[in-house]
Amino acid sequence: MIDLERIRSAPQEVRANLERRGDSRFLELFESVRTSDETWRQVHGEADRLRRRRNELSRVLAEARKQGEAREAERAEAAEIPAALDTLEARETLLQETRDQALLRLPNLMDPTVPVGKDDTENVVVSRWGEPPARSFPRLGHAELAEALGGADFERARRQSGAGFYYLLGDLALMDLALQRFALDLLVERGFVPVLPPLALHRKPYEGVVDLGDFENVMYRVEGEDLYLIATSEHPLVARFAGEILEEESLPLKFVGLSQNFRKEIGGHGVDQKGTFRVHQFSKVEQVVFCAPEDSPRLHEELRANAEEVFRRLRVPYRVVNVCTGDLGTVAAKKYDIEAYFARQEAYREVVSCSNCTDYQARRLKIRMGKAGRPDKLVPHTLNSTAVATSRGLAVILENYQQEDGSLVVPEVLRPYLGGRERLGPGPRGAV
RNA sequence: GCUGAGGUAGCCUAGCCUGGUAGGGCGCCGGUCUUGAAAACCGGUGGCGUUCCGCCUCGGGAGUUCAAAUCUCCCCCUCAGCGCCA
């Protein structure tokens with residue numbers, strides 16, 4: 001959430017930033033924060049003065065009791081206070097709740113380098129790597145090839161679990177694990193601490209890391225429990241330190257999370273299309289960083305470079321886009337997407353999302369940095385980036401590495417994880 | 001799930017029976033002293049506000065009272081033992 005202090009001290013600057021998002025609801029929320037905060041401060045002051053008087057009288061009466069005096073006037077005045085204070089405190093609480101709820105719904109302030117645009121068609125390409133392969137033969141879609149190789153069962157998954165779920169089988173199951181392990185090893189080598197997180201979180205910590213609308217549109221809730229299945233390991237990794245003070249000298253903290261991810265994807269398109277591209281469940285290796293505010297732009301570039309390295313080593317062509325104002329989510333101040341080239345679709349599709357969330361998540365979660373017991377504490381920044389999501393990683397490999405004879409060449413960097421196999425299918429040495 | 005013990009500031013702990021400004025220790029920061037450091041001593045060490053001042057904070061909420069860490073009720077969480085269990 002946005003620092004309330006910043007809204008008070010530089011309201012026009014904050015307002016102008018919110019205006020760039022082009023959604024008038026945010027401006028209404030902003031005004032609601034300002035007016036309720038102003039009134040709250042008045043009422044809070046009044047209540048403070050009344051409590052002060054009560055404390056004064058309380059001291060007088062305590063002293064009087066010791067001396068055996070009656071002090072009827074003071075006692076009568078003190079007896080008036082609770083009712084008056086109740087009224088004021090009720091207003092105080094209501095105003096504070098109004099303010100905080102509006103504040104919680106305000107999106108993060110955007111970095112000045114975020115390009116202006118209405119939606120994802122106006123994201124700005126900032127770099128490219130690799131050449132799209134020549135169109136030498138008619139390619140199968142990734143789902144068709146996966147089935148032909150005996151590496152996936154979409155039909156029965158749909159029957160038992162519904163569209164958006166899948167069985168991975170045989171060598172493709174192993175390749176999914178190979179992708180995870182490949183990305184994990186790369187990041188561990190670069191100093192990230194691997195984490196296998198809980199796959200469900202309570203609502204309270206979850207509210208700290210996502211847009212509140214995600215509870216309806218994205219997350220699966222466990223019936224009868226205060227538990228939500230995670231949509232990405234970013235969520236448990238960031239929420240892990242809620243309410244804590246991070247030792248300044250220990251920053252930046254770098255983690256690589258590995259988990260299954262669950263998403264309802266309500267309102268999205270393509271869940272009903274066969275395949276693994278847009279699904280309700282997938283594995284993902286995710287980078288998460290906590291750092292000092294001044295370091296976050298540098299680390300954002302570092303996370304992006306790591307994610308790019310994953311696709312370079314897989315030899316999958318890609319481009320990087322700077323996500324524009326109209327397409328940026330609630331939480332990020334700046335976001336790069338990496339879009340890989342899918343040879344069958346002959347199009348770039350999103351495979352990585354790399355965000356600098358600045359202090360937005362940390363402030364919601366009450367994470368601070370500094371020395372325990374010292375007052376000069378700051379709010380750290382959090383960043384996250386996909387390293388690889390296997391659902392899309394497998395899909396792009398199936399499209400790009402497929403051969404005219406219906407076999408699939410294994411990307412060189414994955415071979416060590418697949419017993420040296422260079423090719424899957426067709427025929428007896430095939431997948432299943 | 002059952003029983004018991006707990007929850008006090010960054011950490012540990014006293015206060016609770018008997019209501020009246022939450023005390024001490026550790027750690028950390030600053031100061032005195034020192035060539036430097038340690039030790040010793042002094043001060044500081046949470047949140048909010050209209051910040052030379054005041055208010056709030058003892059797991060959360062409600063109640064009794066002029067006044068609640070303290071008394072009453074409800075809830076949450078942690079730990080230990082037992083039960084169940086991959």
Side-chain angles (χ1 to χ4, degrees), chain A residues 1-11 33-104 196-208 222 224-228 236 239-251 253 260 290 292 359 362-380:
Chain A
M1 95 191 135
I2 300 174
D3 187 1
L4 184 58
E5 203 44 58
R6 193 151 169 202
I7 292 177
R8 285 172 182 165
S9 61
V33 170
R34 289 209 69 196
T35 54
S36 50
D37 182 50
E38 231 159 82
T39 320
W40 173 79
R41 287 209 275 181
Q42 281 171 19
V43 175
H44 179 71
E46 270 181 66
D48 257 17
R49 281 190 290 279
L50 200 54
R51 280 188 285 257
R52 177 183 191 171
R53 183 61 185 151
R54 181 189 61 188
N55 291 345
E56 283 167 3
L57 291 169
S58 199
R59 277 189 287 270
V60 169
L61 290 170
E63 188 58 31
R65 204 175 69 129
K66 264 191 229 165
Q67 308 293 325
E69 297 167 17
R71 295 280 188 166
E72 285 308 327
E74 280 85 354
R75 181 166 290 268
E77 188 188 348
E80 301 281 317
I81 290 180
L85 199 54
D86 275 353
T87 312
L88 279 174
E89 283 179 342
R91 280 190 72 200
E92 200 185 344
T93 306
L94 187 69
L95 284 161
Q96 191 178 19
E97 276 169 6
T98 306
R99 179 193 74 188
D100 291 348
Q101 274 174 26
L103 193 57
L104 226 48
L196 298 179
L199 303 184
L201 291 177
H202 289 316
R203 177 155 184 137
K204 187 80 193 298
Y206 224 137
E207 284 180 347
V222 178
E225 307 273 343
D226 177 24
L227 284 176
Y228 294 82
R240 179 165 166 229
F241 296 108
E244 296 193 26
I245 298 165
L246 306 178
E247 262 298 324
E248 210 167 334
E249 288 80 19
S250 71
L251 301 178
L253 296 175
Q260 291 282 323
F290 298 83
D359 58 4
R363 178 165 290 107
R364 281 181 170 222
L365 289 167
K366 299 187 166 59
I367 300 173
R368 292 171 297 166
M369 56 175 277
K371 281 254 188 291
R374 284 188 56 196
D376 55 342
K377 287 182 276 288
L378 293 171
V379 179

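What you are looking at is a predicted structure, and each value in this text was computed from that prediction instead of being measured.
- Atom CG of A:L50 and atom P of B:U50 are 18 Å apart (whole Å).
- If you measure from atom CD1 of A:I245 to atom C1' of B:A9, you get 10 Å, rounded to the nearest angstrom.
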_Where protein sits on nucleotides 52-72 of chain B, one letter per nucleotide: B base, S sugar-phosphate only, - none, heavy atoms under 4.0 Å_ = -SBSS---------BS-----

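- The separation of B:A69 from B:G1, taken at their P atoms, amounts to 32 Å, rounded to a whole angstrom.
- Going from the C1' atom of B:A68 to that of B:U57 covers 14 Å, rounded to whole Å.
- With salt bridges taken as basic N to acidic carboxylate O contacts below 4.0 Å, none links A:D37 and A:R34.
- Using P as the reference atom, B:C73 and B:A80 are 28 Å apart when rounded to the nearest Å.
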*Between A:L227 and A:H202, is a side-chain contact (heavy atoms from CB on, under 4.5 Å) present by the stated rule, with each step listed?*
CA-CA 5 Å; A:L227 284 176; A:H202 289 316; 4.1 Å; yes

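- Taking atom CZ of A:R203 as the reference point, atom C1' of B:C76 lies 18 Å away to the nearest angstrom.
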*Let me see the working for A:E80 and A:R53 under side-chain contact (heavy atoms from CB on, under 4.5 Å), right down to the final yes or no.*
CA-CA 11 Å; A:E80 301 281 317; A:R53 183 61 185 151; over 6 Å; no

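- Of the side-chain N and O atoms in A:R368, one or more sit less than 4.0 angstrom from OP1 or OP2 of B:G47.
- No side-chain heavy atom of A:L365 sits less than 4.5 Å from a side-chain heavy atom of A:F241.
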Taking N or O atoms only and anything under 3.5 Å, show me the protein contacts with nucleotides 84-86 of chain B, one pair per line.
none

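- Between B:C29 and B:G46, the two C1' atoms lie 15 Å apart (nearest whole Å).
- The residue A:Q42 sits close to a base: some heavy atom pair falls under 4.0 Å.
- Put simply, CG on A:L378 is 16 Å from P on B:G10, counting in whole angstrom units.
- Within the 3.5 Å criterion, the main-chain N or O of A:S36 finds no donor-acceptor partner in the side chain of A:R99.
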*So what's the dot-bracket for RNA chain B: Watson-Crick or G-U pairs under 3.5 Å, [ ] if a pair crosses, | if it pairs off-strand?*
(((((((..((((......[..))))((((((.......))))))((((...))))..(((((..]....))))))))))))....

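- Taking the side chain as every heavy atom from C-beta outward, A:E56 and A:E77 never approach each other to under 4.5 Å.
- Summarising the geometry, the separation between CG on A:D3 and C1' on B:C48 is reported as 14 Å, rounded to the nearest angstrom.
- Proximity of A:L4 to A:V33: side-chain heavy atoms (C-beta onward) are separated by under 4.5 Å at one or more points.
- Comparing B:G43 with B:A62, their P atoms are spaced 38 Å from each other, to the whole Å.
- Nucleotide B:G27 holds its C1' atom 14 Å from the CD atom of A:E249, rounded to whole Å.
- A salt bridge links A:E5 and A:R8; the closest N-O separation between the charged side-chain nitrogens and carboxylate oxygens is under 4.0 Å.
- Atom name C1', nucleotides B:U72 and B:U65: the rounded distance is 12 Å, in whole Å.
- Put simply, the side chain of A:E248 does not reach to within 4.5 Å of the side chain of A:L378, judged on heavy atoms.
- When rounded to the nearest whole Å, the span between CD of A:E225 and C1' of B:C77 equals 16 Å.
- Going from atom CD1 of A:I7 over to atom CD1 of A:I2 covers 5.0 Å, rounded to the nearest 0.5 Å.
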*Start with the C-alpha gap between A:M1 and A:D100, add the side-chain angles, then the distance that decides, and say whether side-chain contact (heavy atoms from CB on, under 4.5 Å) holds.*
CA-CA 10 Å; A:M1 95 191 135; A:D100 291 348; over 6 Å; no

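- Computed from coordinates, the A:E5 CD to B:U51 P distance equals 12 Å when rounded to whole Å.
- Checked by atom type and distance alone, the side chain of A:R203 never pairs as donor or acceptor with a backbone atom of A:Y228 at under 3.5 Å.
- For the P atoms, the distance from B:G6 to B:C71 is 13 Å, rounded to whole Å.
- For B:C85 and B:A5, the C1' atoms lie 25 Å apart once the distance is rounded to whole Å.
- The line from CZ of A:R41 to CD of A:E46 is 14.5 Å long, rounded to the nearest 0.5 Å.
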